[in-house]
Amino acid sequence: MLIFNNQEALSAHLSSIRKPQTTTGFVPTMGALHDGHLSLLSESVAQNDITVISIFVNPTQFNNADDLAKYPRTLDADVAKIETVSADILVYAPSVNDIYGSDTVSGQFDFDGLENQMEGKFRPGHFDGVGTIVKFLFEIVEPTNAYFGEKDFQQLQIVRKLVSKHGIPVKVVLCPIFREPNGLAMSSRNERLAPETREKAAVIYKALTTAKQLFGTKSVRQLRDLVTEMVEQNGTFRLEYFEIADEATLVPVEKTENNVKYRAFIAVFANDIRLIDTVSLN
Ligand code: PAF
């Protein structure tokens, strides 16, 4: 398996193997790979001639230094997992210096307001960091197709906006959420949960599916109260937000309308570990 630590080497290799009709699939990640990531890789391998995965814990998208410091970094284990999908996948695992040089700062982006809702409200600057790294990686890898997981649905809409506003010729592919057997959405952060908390975290998806079942029969406020009670009942979790939002604009609503697609979004803390999840409602 080829692992590249700097962009020049990766670009040179890609130029040497690409022919005019070659398609390249790209899976950007921050490592600590789980089955959800592997499903994105499998999708990419099935649909493209070349697949590239990036493994880079991007400092500019963290608004909490402790979260950045504690983010799991498991390159050797990640490479072993990638190999189970295909030994032909190209791995780009750069240093911070390779990406940012001596100036580790974000660019500034206007995503037409998508960046101000939910994650953007609670993680100031987060989407500037995501926009910076994703644009940068797209420029290096020049993918035909890029694969993103549904769990980070707001991020997916922002990447779609990035691509359309900057005229980047890449197709953004949405891949479904992978869940642990108890329903917890797979996330690299799950590694940091104590086993008992990880089991109890099933309540997050239970609350979302309850909201989905009751959607249309109860008001948004009633659903928020119910979800809050479910999530916080045993004292292990603290709800940061539960919103029902228009899937296209991501604007949270208190009243729903016909002919609009809605989605529930949730962010929950287990001590200092932050978990997010989402389900489509209609
Ligand atoms: O979803 C992630 O893992 C990250 O936000 C991404 C897209 C790899 C950018 O750092």
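Counting starts at 1 for both ligands and their atoms, following the listed order. Here the structure is a predicted model, which means the values were calculated and not measured. Count residues from 1 along the sequence.
Listed by number with element, the atoms of ligand 1 under 4.0 angstrom from any heavy atom of T29 are 8 (C). Atoms of ligand 1 found under 4.0 Å from any heavy atom of Q61 (numbered from 1 in listed order, with element): 4 (C), 5 (O), 9 (C), 10 (O). Below 4.0 Å from some heavy atom of I133 lie the following atoms of ligand 1, by number and element: 9 (C), 10 (O).
Within the 3.5 Å criterion, the main-chain N or O of V172 finds no donor-acceptor partner in the side chain of N145.
Considering only residues two or more places apart in sequence or on other chains, F62 meets the ring pair (Phe, Tyr, Trp, His ring centres under 6.0 Å) condition with Y71.
Relative to atom 1 (O) of ligand 1, the option among M30, H37, Q155 with the closest non-hydrogen atom is Q155.
Enclosure of atom CG in D76 is not indicated, since only 12 or fewer non-hydrogen atoms of other residues, nucleotides or ligands lie within 6.0 angstrom.
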Which donor-acceptor pairs under 3.5 Å do side chains of residues 201-210 form with protein atoms, sequence neighbours excluded?
{"residue": "T209", "atom": "OG1", "partner": "Y205", "partner atom": "O", "Å": "3.0"}
{"residue": "T209", "atom": "OG1", "partner": "K206", "partner atom": "O", "Å": "3.0"}
{"residue": "T210", "atom": "OG1", "partner": "K206", "partner atom": "O", "Å": "2.7"}

